[in-house]
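Comments concern the structure below.
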Amino acid sequence: MAIGRKTGGRAKGTPNKKTTAVKEALQQAFEDMGGSGALANWGKENPGEFYKLWIKLLPQDINHGGQPENPLTTLMMQISGKTLKPAPEVDE
């Protein structure tokens with residue numbers, strides 16, 4: 001192999017066939033298990049686990065000044081136990 005130059009393997013940007021196949025199989029299994037309706041039912045029965053998954057998909061738009069920029073991010077961080085500061089008290 002030449003130093004600093006790629007001489008074999010996949011071209012840059014070419015998707016991995018095995019990864020693509022696994023994603024397709026998981027998508028099919030998801031649909032076979034009831035799709036988003038089944039996921040919603042599972043989420044209602046297991047809200048803690050559902051929110052742990054969901055927070056991993058949210059963008060990480062945390063302002064490093066201490067408070068998240070987005071109220072939804074604040075809520076998700078509290079649910080997942082990743083709160084930066086205690087939540088402000090709400091007057092009812």
- Would you mind reporting whether Phe50 and Lys44 have side-chain heavy atoms less than 4.5 Å apart? no
- Task: Kindly work out whether a path of hydrophobic side-chain contacts (I/L/V/M/F/W/Y, heavy atoms less than 4.5 Å apart) joins Trp54 to Met33.
- Result: no
- OH/Tyr51: more than 12 non-hydrogen atoms of other groups inside 6.0 Å: no
- Note: Lys56 and Lys52 closest approach over all heavy atoms is CG-O, 3.5 Å
- Query: Does a donor on one side chain sit under 3.5 Å from an acceptor on the other, for Gln28 and Asp32?
  - Reply: yes
- Query: So, the side chain of Asn46 versus the backbone of Glu49: is there a donor-acceptor pair under 3.5 Å, distance only?
  - Reply: no
- Task: Measure the CG-NZ distance between Asn16 and Lys23 for me, rounded to the nearest 0.5 Å.
- Result: 9.5 Å
- Message: Assigning hydrophobic clusters by single linkage (Ile, Leu, Val, Met, Phe, Trp, Tyr; side-chain heavy-atom cutoff under 4.5 Å), is Leu53 placed with Ile55?
- Response: yes
